[in-house]
J.: 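Can you keep this structure in mind? I'll have questions shortly.
Chain letters run A, B, ... following the sequence lines, proteins first, then strands; residues in each count from 1. Since we're looking at a predicted model, the values are computed, not measured. Scope of the values below: all heavy atoms of this structure, side chains included, with no hydrogens, waters or symmetry mates.
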Amino acid sequence: MGYVAVVGGEHIPVDVFRNPDGELVVKVEDREYVVDARWTQLDLLSLIIDGRSYQVDIHSEKDSHRVLVEGEHFDFELFDERKALLKSAAGLGVEGIQEIRTSMPGKIVIVLVAEGDEVQEGDGLVIVEAMKMENEMKSPMAGTITKVGVVEGETVEGGALLVVVE
Amino acid sequence: MGYVAVVGGEHIPVDVFRNPDGELVVKVEDREYVVDARWTQLDLLSLIIDGRSYQVDIHSEKDSHRVLVEGEHFDFELFDERKALLKSAAGLGVEGIQEIRTSMPGKIVIVLVAEGDEVQEGDGLVIVEAMKMENEMKSPMAGTITKVGVVEGETVEGGALLVVVE
Amino acid sequence: MFKKVLIANRGEIAVRLIRACRELDIPTVAVYSEADRNALHVRCADEAYCVGPPPSVESYLVMDRIVDVAKRSGADGIHPGYGFLAENPVFAKMCEDNGITFIGPSPAAIEMMGHKTVARETMQKANVPVVPGTELLDDDDLARSAVEIGFPVMVKAAAGGGGKGMRIVHEQKQTEEAIRAARSEAKSSFGDDAVFIEKYVEEPRHIEFQILADRHGNVIHLFERECSIQRRHQKVIEEAPSMAVDEDLRMRMGEAAVSAARAAGYWSAGTVEFLVDKHRNFFFLEMNTRLQVEHPVTEMITGVDIAKEMFRIASGEKLSIRQEDVTMNGWALECRIYAEDPFNNFLPSPGVIQTLRVPGGPGVRDDSGVYAGYEVPLYYDPMISKLCTWGRSREEAIDRMKRALGEYVIKGIKTTIPFHLKVMSNEHFLAGDITTSFIGDKFILETGEHGEGLRDVSLVTAALQMGRRTREGVSVSGQRDKGMDAWRMMGRRSRWVM
Amino acid sequence: MFKKVLIANRGEIAVRLIRACRELDIPTVAVYSEADRNALHVRCADEAYCVGPPPSVESYLVMDRIVDVAKRSGADGIHPGYGFLAENPVFAKMCEDNGITFIGPSPAAIEMMGHKTVARETMQKANVPVVPGTELLDDDDLARSAVEIGFPVMVKAAAGGGGKGMRIVHEQKQTEEAIRAARSEAKSSFGDDAVFIEKYVEEPRHIEFQILADRHGNVIHLFERECSIQRRHQKVIEEAPSMAVDEDLRMRMGEAAVSAARAAGYWSAGTVEFLVDKHRNFFFLEMNTRLQVEHPVTEMITGVDIAKEMFRIASGEKLSIRQEDVTMNGWALECRIYAEDPFNNFLPSPGVIQTLRVPGGPGVRDDSGVYAGYEVPLYYDPMISKLCTWGRSREEAIDRMKRALGEYVIKGIKTTIPFHLKVMSNEHFLAGDITTSFIGDKFILETGEHGEGLRDVSLVTAALQMGRRTREGVSVSGQRDKGMDAWRMMGRRSRWVM
């Protein structure tokens, strides 16, 4: 089974297959790993690769993965080949139109931008209060605000669209 | 829903219903308990009964239940009313024919009885080695050995019939 | 001793206090909001009563309802924990008026220390050094005073503590927004939006002394805690003792802390907080008239159970230990673990904890209010656990903390465990070179040198994860499979090329 | 220090040793049988290699295979843990011959102390008092000697320890069967069926001294452990210090223990076991030339990490502490938690651990080799966890243990937690009135006085459990439901009639 990982803009092919001895092999670019893998607890993988033992914690949402291993973390996307092909035609990058959404329910304290505003990467967009803390949502890139989906004082559900930056 | 509990030979009626206020009520004999019950973890019940909070651990195998609560343990059987009625016709007691089985796989070290032997309650029947320990299976009652299902040196699975006492 | 105690709190501190009561053989009454029916403190307590809807202003902060539950359940004492009603003199008074012992200091002492400006004056009279600052003022006067004192200044809520309702202001144009934000947080956290301004001591250490005082005039301290590692003025890592404190400074600060407690007519456990600048000058910051989040590190180096002492003191007992009996043994660290995503600006991450594996072995203590299957609710503080380690030396305590953090598995939500692991390897932290601006100045949350090799491991894992979802994917053995593949591996040629 | 260490063990002790290595920054190599691919020690170690099928004689006891893994993985040290190869001089020698350090004493010391009869002679020469007994003999001579020594006598395996291969004989007619059973267990546990007979000291206490010795002739002791609470000659509850030992006895026994270690030319951590009779006479029982199961209680009262010391000693370092630096602080208890059914003759209860909640808070230490979702295999020792508590006094340690046992949730298998809870409330135990016959003589595992009221609660639970299974049953709210029912409860009239 073939996949394509998108890590920081880079595209990396990942392939999973059984070799003639029946062993599970994962190939990352040109590096082949014969793996002994067990899902010992929910989304917690015990991997032994040529004697090296890893306990890998993976948190996946659709094609996005957060992996924690030995104190390091990695965020990336992984698509199967067909999906990668489709995406590729449409542009796999994460630039372009960015929708800023809440990750959790909360209250809109301040809306710092209006439609038509120019923003720089890192500029504050909206301040949301959740779990007793105020959090400033920042722009992931420079661009123009094309939509503001909330008003001050409003209570929103998780996933609510706050702002669109283009 | 009506049940009958068998606790040390005693039969105790237990009834579960919603009262007119929609509250969950469990009646044990003539004692009514309005309960707020949540299965917070697998087979771990958080019970609040008129403010008293209990964390109850229940281990059930078919109609047999082992309950641990506040350091005390209770072993009993609980049948729904129809089953209790059927059982009642056939005799609900635990006397009569007793099948002695292993609870887990192991090795038969010694068979201490033969078919036709008379035994007293507590007499050793078979010594089984499991998890590095030798365990003596004892007779739960006085009676006659009517069957011996294993031979010395044999390796048995969990649940294997060792001996029948009548 | 008490016949029965009501714990007017939730989360890990409610569990901590129920543990203390169990060890003292005191029955406990829990209160809970509708969002907390499945919380651990409800399951651990002997009795439990719902006191209202999820928002704390409608449940945990409703004083008369909590007092009513205490009376109806026959509790003769109420422990407020920290936060919520812990430093509310009205509540302490209401308990007294209803014949229930408030397990904390007197209402007068809470009131005096709770109003930061009154506390400052009291300390000045007792010759304890304080930081220059203002009284409570309206927005315009505050803005003017900020200019007079000279930037940077700190806007602070008069009520409460714990980093809430605090804002640092570096230049004049930020003043207005900082005052607004501080008032807003103070209002929602403490129900009081009064704020004042203080000179901001730059690059200070935050060092506090633990106090124990009985109702018979005996006051002792249990040495200091170093609490300089903060995010958003909220402590995240604490240790005891402090590398910045030598025997002489410890004696002088300890004496000042005891004087501060005496000046306030204080009994119960309490904490006197100081700022210490690079020249080892120390300034009274505030007194916390409650059990602190970070009390475990002091318990670990002294062996004194501070929570249990609070119950003994409140029931009228004299302190069982004198100052000269308190000894310091080894070093202890605490990492506060939050349901927050450290790689996404520490956004809160509530949700269901799917898997939990708590570290164990020597020198490890975990204080938590969660369990596998528990849903961390949206409504409250996102701290889910306090992980503490003890060692004979600071180095051993740090080595243990790294080891323990590495063992900790919390799945389903994102936590600050990876953040703490990075701090434990930071050279400035290892050298003890820490101030309250450590996280801003001396700490980068980046992937380390081993990252490149581990990246392939993470890609391997994601590919296997995708395979689990689809029938087309190459399947991986589950837990119950035989280990034959692994056994055959023994004879295999090495192919691991990392 | 070591470049890399192989841990030749499994379960909690393998995890304990990996923890020590992590804190010392030594990479670890785990070995595992096919039954242990999912075991915690495999997941915690840096490397892991399968060494054979489930039975330990085909995996964990295959010496050349383990040495081969060490060589291939580049490990320069092997720690054997306890059990398995820990007291096998042939294995220790094989490590040496392959240029790998055996992290334990010398092969000669293991051999001397391993053969109980040689050990007895050595002790007699060193003027350490011993119990009357025989050499190794055949069955007939043993039976004759038993009569000569006078019943009761003890049949003991010459190799090994830990209660395996031991049988007490009260009257002559039991002798033959006891010798057979002891030989059989000794053979399967240690691969050696040699046994001998010793006078059985009645109602003794089992008290042992922890020793640390380096390769430079320095020997110290870390005080005693009280290990009298035993089932089937297997320790189940240990504590440190012992109520039976006063300062004078401690000094005399400590000196005897140090003499014993010196007489054996001992280095590494070790334990000298004594029987103490009611007149406070003490007799050398045996020396365990390994890390003991119960080492944590000593770690808790001294602050010394015994496991880490073993690595330091093995790498040639001198002891970092002198006898006069070792101080005793408070009291510690250990309860060994087994996968056994205490209400059904302690039958082993292997299976999948479905839910696990480990106790936390002050003064609690858990050493375990399991996790939620783990299947306790059939093939090995059923001990799954060691729960330890510390307190300033014995009373506080016991109160903590009761509290911690009450918090411990292990579902899916039966465990001895309820047994320990009963011991912690036993009046003889509380009074410290304990001997090795405590469980047989002074302890009843019965339902207590509160049982009657709780019986109804258990019936309520079972009825709700049945309801979950059937559509006809009255349903109970799940975890995610709103707490409205509970909230309405506030206004309800009391109907709880217990």
Side-chain angles (χ1 to χ4, degrees), chain B residues 1 3 5 7 12 14-18 21-24 26 28 31-45 47-52 54 56-60 65-76 78 80 103-106 109 129-135 138, chain D residues 164 181 184-185 188-189 232 339 341 343-345 347-350 354-355 357 378-382 405-406 409 411 414 418 421-422 425 447-448 450-451 454-468 470 472-474 476-479 481 485-486 489 492 494-498:
Chain B
M1 188 69 194
Y3 303 95
V7 192
I12 299 171
V14 182
D15 204 18
V16 184
F17 56 92
R18 293 255 172 209
D21 295 345
E23 296 167 324
L24 187 62
V26 182
V28 179
R31 299 180 294 282
E32 275 191 19
Y33 305 112
V34 178
V35 303
D36 172 12
R38 308 293 176 101
W39 296 100
T40 49
Q41 280 169 288
L42 187 72
D43 289 356
L44 202 61
L45 183 70
L47 260 188
I48 301 181
I49 302 179
D50 204 46
R52 273 291 276 124
Y54 302 92
V56 198
D57 180 350
I58 184 164
H59 182 95
S60 304
H65 305 273
R66 156 81 54 93
V67 175
L68 291 169
V69 53
E70 296 189 358
E72 300 297 345
H73 98 288
F74 301 91
D75 283 310
F76 54 85
L78 188 80
D80 67 41
S103 60
M104 50 184 299
V109 184
E129 185 189 303
M131 292 180 106
K132 298 279 157 206
M133 298 293 277
E134 293 190 0
N135 297 289
K138 294 189 162 84
Chain D
K164 281 174 184 154
S184 157
E185 263 186 38
S188 84
S189 295
R232 295 171 172 170
D341 183 355
F343 303 109
N344 189 11
N345 202 26
L347 273 180
S349 175
Q354 291 159 344
T355 296
R357 187 144 53 81
L378 299 166
Y379 303 98
Y380 316 107
D381 190 280
L405 288 165
V409 175
K411 288 202 55 67
K414 287 159 184 159
L421 268 169
K422 293 287 182 193
S425 302
T447 296
H450 303 297
L454 292 174
R455 200 194 64 174
D456 273 15
V457 172
S458 74
L459 294 174
V460 166
T461 304
L464 298 176
Q465 168 86 315
M466 298 288 276
R468 283 214 291 183
T470 56
E472 307 122 78
V474 178
V476 166
S477 309
Q479 172 141 7
D481 295 37
D485 278 3
M489 203 184 70
R492 216 180 52 228
S494 171
R495 296 194 214 179
W496 179 237
V497 293
M498 267 186 166

J.: Could you walk me through whether D/Val457 and B/Tyr33 pass the side chain to side chain contact (heavy atoms under 4.5 Å, CB included) test, one step at a time?
T.: CA-CA 9 Å; D/Val457 172; B/Tyr33 305 112; over 6 Å; no
J.: Among D/Ala181, D/Ala339, D/Gly406, D/Pro350, who wins on heavy-atom pairs under 4.5 Å with chain B?
T.: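 Of the options given, most contacts go to D/Pro350.
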J.: Does the side chain to side chain contact (heavy atoms under 4.5 Å, CB included) test come out yes or no for B/Tyr3 and D/Leu459, once each step is laid out?
T.: CA-CA 10 Å; B/Tyr3 303 95; D/Leu459 294 174; over 6 Å; no
J.: Can you find a pair of side-chain heavy atoms, one from D/Arg455 and one from B/Ile12, that are under 4.5 Å apart?
T.: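 Answer yes - side chains close enough.
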J.: Between atom CD1 of B/Ile49 and atom CG of D/Asp456, what is the distance when rounded to the nearest 0.5 Å?
T.: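 Interatomic distance, B/Ile49 CD1 to D/Asp456 CG, rounded to 0.5 Å: 8.5 Å.
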J.: Roughly how far, to the nearest 0.5 Å, is CD of B/Glu70 from CG of D/Leu454?
T.: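 D/Leu454 atom CG to B/Glu70 atom CD measures 5.0 Å (nearest 0.5 Å).
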J.: Please flag which part of B/Leu68 lies under 4.5 Å from any non-hydrogen atom of chain D: side chain, backbone, both or neither.
T.: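 Just its side chain gets close to chain D.
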J.: Can you name the residues that form a side chain to side chain donor-acceptor pair (under 3.5 Å) with D/Ser349, not counting sequence neighbours?
T.: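 Result, side chain to side chain donor-acceptor pair (under 3.5 Å) vs D/Ser349: none returned.
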J.: Sort D/Ser425 into side chain, backbone, both or neither according to what part of it lies under 4.5 angstrom from a heavy atom of chain B.
T.: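 For D/Ser425, no heavy atom lies under 4.5 Å from chain B.
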J.: Have a look at D/Thr461 and tell me which of B/Val56, B/Leu44, B/Val69, B/Asp57 forms a side-chain contact (heavy atoms from CB on, under 4.5 Å) with it.
T.: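 Of the listed options, the one satisfying the test is B/Val56.
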J.: Restricting to non-hydrogen atoms, name the atom on D/Leu421 and the atom on B/Gly71 that form the minimum distance, rounded to 0.1 Å.
T.: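 Reported closest heavy-atom pair: CD1-CA, 3.7 Å.
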J.: For B/Leu47, is it the side chain, the backbone, both, or neither that has a heavy atom closer than 4.5 Å to a heavy atom of chain D?
T.: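 The side chain, not the backbone.
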J.: When you compare the side chain of D/Val460 with that of B/Leu45, does any pair of heavy atoms fall below 4.5 Å?
T.: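 No, every pair of side-chain atoms sits at 4.5 Å or beyond.
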J.: What are the two closest heavy atoms between D/Ser458 and B/Val67, and how far apart are they?
T.: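 Result for this residue pair: CB-CG1, 3.4 Å.
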J.: Mind checking what makes salt bridge (charged side-chain N to carboxylate O under 4.0 Å, His left out) contact with B/Asp15, not counting sequence neighbours?
T.: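 Listed in chain order: nothing, the list is empty.
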J.: Judged by atom type as modelled, is there a donor-acceptor pair below 3.5 Å linking the side chain of D/Lys411 to the main-chain atoms of B/Ile58?
T.: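 At least one qualifying donor-acceptor pair exists.
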J.: Quick one: what part of D/Thr355 sits under 4.5 Å from any heavy atom of chain B, side chain, backbone, both or neither?
T.: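 Side chain only.
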J.: State the NE2-CD distance between B/His59 and D/Gln354, to the nearest 0.5 angstrom.
T.: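 Spacing of NE2 (B/His59) from CD (D/Gln354) equals 8.0 Å.
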